[in-house]
2 protein chains.
Amino acid sequence: MVPTVEKLTRTDAGLASQLRVSVARLSRRLRNERDPDSTISVSGLSVLGVLFREGESTVGRLAEHERVRPPSMTRTVSCLVEDGYVVRRPHDTDGRQTVLTLSEKGEETVRVERRRRDAWLAVRLRELSPEERDVLRRAAPILEALSQKG
Amino acid sequence: MVPTVEKLTRTDAGLASQLRVSVARLSRRLRNERDPDSTISVSGLSVLGVLFREGESTVGRLAEHERVRPPSMTRTVSCLVEDGYVVRRPHDTDGRQTVLTLSEKGEETVRVERRRRDAWLAVRLRELSPEERDVLRRAAPILEALSQKG
DNA sequence: TATTGTTATACTCTATAACTATA
DNA sequence: TATAGTTATAGAGTATAACAATA
């Protein structure tokens, strides 16, 4: 199949290098599978995804999660609010904070974008052998755990 | 371990979704492991990587490879030339084209940055069980092939 | 005083449009 | 006329510094 790759991954350092390149490339491909007519930005979509998973958040927590500075997140969120994807409301007990949640439009946008990118990948997965799919099925949770370490 | 993930990946659509999220997150982590004191940009580093692998290229081919418009690549390359990472020379037979290659400094930069990011990942890999590493060892070439499809 | 978030401002990366030089 | 690359200019996203409001 791909002899040089298999040879490289025999050592841990080789595996690290190969995995890094593979993951970066696949990630780039997946990012490019966005709706070209969509007005929403990549960073905006990422924020919607976090709110979808976590239910609600604040500017500070979102900034930390996305590894961005608070003023940058303020701006991203302001655009999302202006375009109707996100709703701001005051925090119950802490007047300094603002709580952010998805609007109906925001939730629907997340679902549509996910379907779109999952579709691209699902087609490629169907072209693999059952054995290859099985390897990826077992690799997915390991990759997930890797990114949460450190 | 992570029951929800294992359940999700039983179907192909679920595997696509899970793999997409895992890959995107791991990729983000790896990108953040860059040298904070480095003056070179992420896109610049990516271009150096292509030149390292392919030996030489042109503005047009690099723009296509990085999915960027030619004027953007002209600017990225100009910075790389100005900072001494890349060398321009005229094409042998076609006077319109410019051939780009890495300088010594450019090659060394690629090696240093690779070592740095591989080091982060290699540490995480050592924390896995031998069985988990084996799964990733077999998954790496499949992920690589996936990104080259379509 | 410390924390949360915002405004003001500037820098980087990318894009489109128009131009030059060569094929 | 078409292609490769560049210049001019503008938009999007992020950063730092300074500020306001609240804890």
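Protein chains get the first letters and strands the later ones, always in sequence-line order, with residue 1 at the start of each.
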Distance under 4.0 Å to a non-hydrogen atom of chain A counts as contact; along DNA chain C, which nucleotides mark the start and end? C:dT3 to C:dA10
Quick check: on DNA chain D, is the nucleotide nearest B:V99 upstream (toward 5') of the one nearest A:C79, or the reverse? Name the residue that is more 5'. B:V99
How is A:R61 classified with respect to the nucleic acid when contacts are heavy atoms under 4.0 Å: base, sugar-phosphate, or nothing? nothing
Hey, is CZ on A:R111 packed in by over 12 heavy atoms from elsewhere, all under 6.0 Å? yes
Above 12 or not: heavy atoms from other molecules or residues under 6.0 Å from CD of A:E64? no
Whole Å only: how far is the CG atom of A:L45 from the P atom of D:dG13? 12 Å
A:L62 and A:I40: same hydrophobic cluster, using ILVMFWY side-chain contacts below 4.5 Å? yes
Counting the atoms with a prime plus P, OP1 and OP2 as sugar-phosphate, which does A:T58 contact under 4.0 Å by heavy atoms, base, sugar-phosphate, or nothing? sugar-phosphate
Just by distance, do the side chain of B:K105 and the backbone of B:V86 share a donor-acceptor pair under 3.5 Å? no
Check the distance between D:dT6's P and B:L62's CG and give it to me in whole angstrom. 11 Å
How about B:S22 and B:Q18: does a side-chain donor come under 3.5 Å of a side-chain acceptor? yes
Begin from the C-alpha positions of A:L125 and B:L146 and carry the test side-chain contact (heavy atoms from CB on, under 4.5 Å) through to its verdict. CA-CA 8 Å; A:L125 289 173; B:L146 267 185; 4.2 Å; yes
Can you give one letter per nucleotide of nucleotides 14-23 of chain D, going 5' to 3': B for a protein heavy atom under 4.0 Å from the base, S for sugar-phosphate only, - for none? BBBB----BS
B:S103 side chain to B:G84 main-chain N or O, any donor-acceptor pair under 3.5 Å? yes
Test salt bridge (Lys or Arg N to Asp or Glu O under 4.0 Å) on A:E56 and A:R89; report intermediate values, then the result. CA-CA 10 Å; A:E56 59 180 42; A:R89 66 173 164 77; 2.8 Å; yes
